[in-house]
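Heads up, the thing below is written out as structure tokens.
Being a predicted model, the structure only gives us computed values, none of them experimental.
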Amino acid sequence: MVVRLRRGLVGESRRVCHVVPVPSEPVPDELVAYCGARILPGQADLLSHLTGMPCDSCLAMTVRPGRAGLAAAF
């Protein structure tokens, strides 16, 4: 999934698009992006596609062996 922190929680320069694995539970306590960023419920918007500035670390992690890759996030 691709998520971005909601406006007002952080400055605009930190509102990057993070890539997070689809959770196996219905409603997890938090989402953990591939870069390690922890996102609590209500802090982020779910995006239908990568838009705006991506998180460089998340993008780098999606191409590592053993990961489904960015294409699987859509």
Side-chain angles (χ1 to χ4, degrees):
M1 299 186 314
V2 179
V3 299
R4 180 173 54 203
L5 291 176
R6 290 190 169 166
R7 184 169 273 125
L9 290 176
V10 295
E12 286 298 310
S13 64
R14 293 193 49 222
R15 288 188 68 228
V16 297
C17 296
H18 289 283
V19 180
V20 297
V22 176
S24 58
E25 338 176 344
V27 181
D29 292 334
E30 64 183 15
L31 295 174
V32 180
Y34 286 153
C35 69
R38 297 186 176 283
I39 303 167
L40 298 174
Q43 286 187 334
D45 294 316
L46 178 62
L47 304 175
S48 61
H49 60 282
L50 191 60
T51 182
M53 179 62 81
C55 170
D56 293 335
S57 297
C58 282
L59 288 179
M61 294 296 288
T62 62
V63 296
R64 292 181 123 186
R67 298 263 190 215
L70 185 58
F74 298 101

Donor-acceptor list for residues 51-60 side chains, cut-off 3.5 Å, not counting sequence neighbours:
none

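Dense packing is recorded around CZ of Arg6, with more than 12 heavy atoms of other residues, nucleotides or ligands lying under 6.0 Å away.
With contacts defined as side-chain heavy-atom distances shorter than 4.5 Å, the pair Cys35/His18 qualifies.
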Worked verdict on Ile39 versus Val3 for side chain to side chain contact (heavy atoms under 4.5 Å, CB included): CA-CA 9 Å; Ile39 303 167; Val3 299; 3.7 Å; yes
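For Arg15 against Val10, the heavy-atom pair with the smallest separation is CG-CG2, 3.7 Å. Across all their heavy atoms, Asp29 and Leu40 have their closest contact at O-CD2, 4.0 Å. Between Val22 and Met1, the closest heavy-atom pair is CG2-CG, 3.7 Å.
With sequence neighbours excluded, the residues forming a side-chain hydrogen bond (donor to acceptor under 3.5 Å, both in side chains) with Glu30 are Arg38, listed by chain and number.
Comment: Arg4 does not engage Asp45 in a salt bridge, judged by the lack of any side-chain N to carboxylate O separation of less than 4.0 angstrom.
Neither Val16 nor Leu5 shares a network with the other; the hydrophobic side chains, linked directly or stepwise wherever heavy atoms of I, L, V, M, F, W or Y lie under 4.5 Å apart, form separate groups for each.
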